[in-house]
Amino acid sequence: MNVDGFIAEFQSWARLLLSYLTAPWFFYQAGIIIVLYLLAMVISWRIEPQLEERARAIKGHPGLLRVVVALLRRVEWILFSLFLFIALTIMRSVTWPSRSHFISVALSLSLAWLFVAVLSRVIRNRLAARTLTWLAWTYVALVILGFDDEAGTFLDSLALPLGQMRLSALLVLKAAVLLIATVWVAVVLGRYFDEQVQKSDELTPSIRVLIGKVAKFGLILIAATIALSSVGIDLTAFTLFSGAIGLGIGFGLQKVISNFISGIIILLDKSIKPGDTISLEGTFGWIRELRARFVSVVTRDGREYLIPNEDFITHRVINWSFSDDLVRLDVNFGVSYDADPHEVSKLAIAAAATVGRVDANRRPVCWLTGFGDSSLDFVLRFWIHDPQQGLTNIRGKVLLALWDTFKENNIGIPYPHREIIMKKDAAEDLGD
């Protein structure tokens with residue numbers, strides 16, 4: 001459509017709208033619509049809080065609760081549609097149908113808005129849901145008003161030639177709507193498939209994560225391809241363009257790609273998995289989740305570190321539960337030279353055995369390691385099977401048990417001290 005044709009079409013619409021606005025029965029219908037909407041708003045203000053409070057008592061059905069709450073937050077539109085239906089029925093029974101035409105249009109638009117707004121609640125992303133709501137309702141409104149063909153022709157006239165392809169605003173709009181819809185369906189299906197895979201006990205945690213991520217990315221890629229192909233976009237037309245920008249993006253996303261590939265390697269070689277207790281450059285914690293770019297590690301103090309996957313490939317990682325949950329810990333201590341080292345060793349082993357987290361199936365051992373400046377030096381070794389519960393705390397409990405045991409048996413724990421011996425001749429020399 002050229003500019004002159006568009007101006008002529010716009011003038012035709014303006015004359016039609018002016019004829020409707022100057023009709024005397026239009027103001028009657030407009031007044032009825034406004035009064036009914038205000039009445040619906042006043043009633044909804046009074047009953048909506050009470051209905052929503054009862055709805056939130058629903059337990060065990062989060063999906064149903066979301067839909068019910070979405071309906072209750074639009075009580076005014078439900079009442080407005082109901083009032084319009086009653087008014088339309090009464091007017092058609094007492095007067096000509098043409099005198100209730102605008103009420104019929106308002107009822108259709110109100111029902112369309114209510115239906116689209118409630119359905120959009122299934123989309124968790126509020127921006128995407130709001131955008132899709134307005135796009136869907138605008139299209140339905142154009143169909144109801146009979147302007148869909150004219151709007152489509154106008155949007156199709158706004159086109160930009162790209163080689164052999166003609167890219168119009170209508171094509172972009174269709175592609176965007178279809179792309180959002182198909183990608184959303186792909187994400188939902190991918191999430192459902194991932195949940196089913198995570199429930200499988202036959203697969204290892206790393207394989208479950210890998211299958212879930214591959215399924216999600218694969219479904220999104222297939223959905224995007226289907227959406228663009230369905231609207232007639234030739235994907236081969238973007239080959240040269242994508243190749244040109246792909247090189248530049250590749251240099252800019254080296255770390256991102258490196259972390260992504262590192263994540264796949266980690267999942268394949270099963271070096272770490274969710275639930276493992278690891279140490280990496282002073283960070284001690286357990287792995288909560290493996291992501292495409294990073295690993296989520298939760299420490300004992302509740303902090304969650306997002307460590308890039310590449311660090312687990314290039315740095316030295318201690319996996320405390322890689323092949324076995326059993327971990328041996330060492331506690332160093334010293335006692336006075338007055339103590340019997342044989343008795344100290346027996347008491348230390350007995351003290352460690354009293355601590356709950358020390359593995360009872362593996363007997364602790366205690367060895368004399370050296371004769372220090374002021375103490376007999378020992379090392380106490382014991383095993384635990386739950387390193388994710390912390391290492392410092394179990395060492396602290398063992399040390400407290402040693403302290404209590406040594407106090408009960410009169411074994412002293414020395415501290416560094418120095419003796420100065422003054423010789424008589426040296427003292428006289430100093431006096432001179």
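The chain is numbered in sequence order, starting from 1.
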Find the distance between [atom1] ([X]) and [atom2] ([Y]) and round it off to the nearest 0.5 Å.
{"X": "Leu111", "Y": "Leu107", "atom1": "CG", "atom2": "CG", "value": "4.5 Å"}
{"X": "Asn410", "Y": "Ser336", "atom1": "CG", "atom2": "OG", "value": "11.5 Å"}
{"X": "Leu88", "Y": "Leu36", "atom1": "CG", "atom2": "CG", "value": "11.0 Å"}
{"X": "Thr314", "Y": "Asn309", "atom1": "OG1", "atom2": "CG", "value": "10.5 Å"}
{"X": "Ile272", "Y": "Ile287", "atom1": "CD1", "atom2": "CD1", "value": "4.0 Å"}
{"X": "Leu280", "Y": "Ile307", "atom1": "CG", "atom2": "CD1", "value": "5.0 Å"}

So does [Y] get a backbone contact from the side chain of [X], meaning a donor-acceptor N/O pair under 3.5 Å?
{"X": "Ser345", "Y": "Pro341", "answer": "no"}
{"X": "Ser375", "Y": "Phe371", "answer": "no"}
{"X": "Asp377", "Y": "Asn332", "answer": "no"}
{"X": "Thr283", "Y": "Ser279", "answer": "no"}
{"X": "Asn409", "Y": "Phe406", "answer": "no"}
{"X": "Ser110", "Y": "Ala106", "answer": "no"}

Minimum heavy-atom separation for [X] to [Y], with atom names?
{"X": "Pro414", "Y": "Gly334", "answer": "CD-O, 3.8 Å"}
{"X": "Ser374", "Y": "Tyr337", "answer": "C-CE1, 3.8 Å"}
{"X": "Pro274", "Y": "Leu290", "answer": "CD-CD1, 3.8 Å"}
{"X": "Ile411", "Y": "Leu347", "answer": "CD1-CD1, 3.4 Å"}
{"X": "Ser271", "Y": "Asn319", "answer": "O-ND2, 2.9 Å"}
{"X": "Ala339", "Y": "Leu376", "answer": "O-CD1, 4.0 Å"}

Find out whether [X] and [Y] are in side-chain contact, i.e. whether some heavy atom of one side chain is under 4.5 Å from a heavy atom of the other.
{"X": "Leu326", "Y": "Arg362", "value": "yes"}
{"X": "Phe83", "Y": "Ile43", "value": "yes"}
{"X": "Ile265", "Y": "Ile313", "value": "yes"}
{"X": "Leu329", "Y": "Arg381", "value": "no"}
{"X": "Leu402", "Y": "Ile413", "value": "no"}
{"X": "Ile278", "Y": "Ile318", "value": "no"}
{"X": "Asp276", "Y": "Trp286", "value": "no"}

Throw together a table of side-chain donor-acceptor distances under 3.5 angstrom for residues 349-361, partners on residues two or more places apart or in other chains.
from, atom 1, to, atom 2, distance (Å)
Thr354, OG1, Ala351, O, 2.5
Arg357, NE, Asp386, OD1, 3.3
Arg357, NE, Asp386, OD2, 3.2
Arg357, NH1, Gly390, O, 3.3
Arg357, NH1, Asn393, OD1, 3.0
Arg357, NH2, Asp386, O, 3.0
Arg357, NH2, Asp386, OD1, 3.3
Arg357, NH2, Gly390, O, 2.8
Asp359, OD1, Asn361, N, 3.2

Please determine whether a side-chain nitrogen of the Lys or Arg among Arg191 and Asp194 lies less than 4.0 Å from a carboxylate oxygen of the Asp or Glu. no

Please verify the inter-ring angle class for Phe378 with Phe333; under 30° counts as parallel, over 60° as perpendicular, anything in between as tilted.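 Answer is parallel, since the angle falls under 30°.
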
Above 12 or not: heavy atoms from other molecules or residues under 6.0 Å from OH of Tyr192?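 Counting neighbours around OH of Tyr192, 12 or fewer heavy atoms of other residues, nucleotides or ligands fall under 6.0 Å, so no.
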
Can you confirm whether more than 12 heavy atoms, excluding those of Phe284, are under 6.0 Å from its CZ atom? yes

Side chains of Ser262 and Glu310, donor plus acceptor under 3.5 Å: no

Please list all pairs passing the salt bridge (charged side-chain N to carboxylate O under 4.0 Å, His left out) test where one or both residues lie in residues 337-354, with sequence neighbours left out. none

Evaluation steps, side-chain contact (heavy atoms from CB on, under 4.5 Å), between Lys397 and Leu399: CA-CA 5 Å; Lys397 290 180 179 179; Leu399 287 172; over 6 Å; no

Aromatic ring proximity Trp113/Phe80, centre distance under 6.0 Å: no

